[in-house]
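Proteins come first, then strands; the chains are lettered A, B, ... in the order of their sequence lines, and each starts at number 1. Computed over heavy atoms, backbone and side chain alike; hydrogens, waters and symmetry mates excluded.
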Protein chains: 2
Amino acid sequence: MSVDAPFPLAAACCAPLVGRPLTAGEATDLSRVLKAIADPARLRLLSLVAAHAGGEACVCDLTEPLGLSQPTVSHHLKVLVDAGLLSRDKRGVWAYYALVPGALDALAGVLTTAGTADGALPSSAC
Amino acid sequence: MSVDAPFPLAAACCAPLVGRPLTAGEATDLSRVLKAIADPARLRLLSLVAAHAGGEACVCDLTEPLGLSQPTVSHHLKVLVDAGLLSRDKRGVWAYYALVPGALDALAGVLTTAGTADGALPSSAC
DNA sequence: CCGGCGCATCGACGTCCGTCAATCTCGTTG
DNA sequence: CAACGAGATTGACGGACGTCGATGCGCCGG
């Protein structure tokens with residue numbers, strides 16, 4: 001029951017954080033996604049998945065580089081999936097995780113102080 | 001004693017998160033800055049300071065919009081200053097907080113999956 | 001059909017975090 | 001010099017979070 005909003009990033013998107021004060025709801029939604037990546041283990045998981053061959057990796061490929069137990073890695077992966085940053089694809093016995101295209105870029109766009117007036121975000125963000 | 005690294009963003013900078021696996025130290029440094037903004041109250045503080053006239057605001061301007069007590073607001077501001085995202089300028093009795101230029105953009109650059117190959121970060125990031 | 005393997009879930013424990021009331025410091029003002 | 005006000009610090013409390021061992025669930029090979 002640790003997840004109530006399946007994709008809070010969608011609500012946090014298009015809220016530039018700089019330029020106008022965030023409402024309490026916008027801040028809560030955005031903080032939900034930021035909390036998902038504000039952890040060393042989950043940051044390393046994201047980079048490990050992104051750097052893996054084919055852009056996807058299974059749990060067994062991630063436990064050893066992190067030095068964490070398999071249930072802990074599975075828990076962190078679930079947090080990232082619930083935040084809309086990773087996708088899960090179960091093929092046979094293995095579960096392959098991959099980056100959701102545009103998710104991290106949308107987050108970066110929210111933090112950018114340039115005001116989204118330049119070409120930093122082509123079309124995948126909103 | 002809650003702060004040991006005065007500017008962990010400097011170490012986390014130029015670590016793209018995507019493209020090569022993060023080391024444990026890089027992930028810890030980056031998570032330190034992300035934890036600073038992964039809070040609804042601190043996100044609203046950042047947007048309130050940025051949207052305030054002159055780009056700076058004192059504590060008395062921030063307690064009422066947030067609905068939090070003065071010590072709590074002061075605590076959150078200290079966290080943001082320690083993370084290198086806000087600057088504190090005490091003039092007389094009042095303490096004025098302002099955004100550190102380029103800090104949020106550097107964070108956004110770390111999250112961007114484009115590989116810093118485009119013109120998203122002009123020159124202030126690294 | 002059954003044993004093994006990959007992964008998710010559950011329950012528990014220790015720690016960290018957000019919040020507040022109370023207090024302290026220190027410029028400003030009368 | 002004394003009183004006031006803005007802000008920082010302290011101590012304490014409740015809840016959330018990260019981690020693990022044990023267990024449950026599906027899929028595959030013998």
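The distance between atom CG of B/Asp89 and atom P of D/dA8, rounded to the nearest whole Å, is 12 Å. Remark: C1' of C/dG6 and CG of A/Leu62 are 13 Å apart, rounded to the nearest angstrom. Atom NZ in A/Lys35 sits about 16 Å away from atom P in D/dG15, given to the nearest Å. Here the P atom of nucleotide D/dT19 and the NZ atom of A/Lys78 are 17 Å apart, to the nearest Å. When the C1' atom of C/dT19 is taken as reference, atom CG of B/Leu45 falls 14 Å away, rounded to whole Å. To the nearest angstrom, P of C/dT9 lies 11 Å from CG of A/Leu77. In this structure, A/Asp39 atom CG and D/dG18 atom C1' are separated by 7 Å, rounded to whole Å. Rounding to whole angstrom units, CG of residue B/Asp82 and P of C/dC17 are separated by 12 Å.
Closest-nucleotide positions on DNA chain D for B/Val73 and A/Ala38 were compared, and the one nearer the 5' end corresponds to B/Val73.
Inter-residue side-chain proximity for A/Val59 and A/Gln70 is flagged as met; some heavy-atom pair is nearer than 4.5 Å.
Considering only side-chain atoms of A/His75, the nucleotide from D/dA8, D/dG18, D/dT9 that sits closest is D/dG18.
Not one side-chain nitrogen or oxygen of B/His76 sits closer than 4.0 Å to the OP1 or OP2 atom of C/dC17. Taking 4.0 angstrom as the limit, B/Arg88 places none of its side-chain polar atoms (N or O) nearer than this to OP1 or OP2 of D/dG7. For the pair B/Tyr97 and D/dA8, the criterion of a side-chain N or O lying under 4.0 Å from OP1 or OP2 is met. Side-chain N/O atoms of B/Ser74 include none lying less than 4.0 angstrom from OP1 or OP2 on D/dG7.
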Distances under 3.5 Å only, N/O to N/O: pair up the protein atoms with those of nucleotides 21-28 of chain D.
none

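Separation of atoms CG (B/Leu43) and CG (A/Leu30) is listed at 5.0 Å; rounding is to 0.5 Å.
In terms of hydrophobic clustering, with Ile, Leu, Val, Met, Phe, Trp and Tyr side chains grouped at heavy-atom distances under 4.5 Å, B/Leu48 and B/Val79 are assigned to different clusters. Each of A/Trp94 and A/Tyr97 belongs to its own hydrophobic cluster when Ile, Leu, Val, Met, Phe, Trp and Tyr are linked at side-chain heavy-atom distances under 4.5 angstrom.
A side-chain contact (heavy atoms from CB on, under 4.5 Å) with B/His76 is found for one member of B/Leu80, B/Thr72, B/Val73 and no other, namely B/Thr72.
A donor-acceptor pair under 3.5 Å is formed between the side chain of A/Arg44 and the backbone N or O of B/Leu22.
Contact between A/Ala38 and B/Ser31 at its shortest, heavy atoms only, is C-CB, 4.1 Å.
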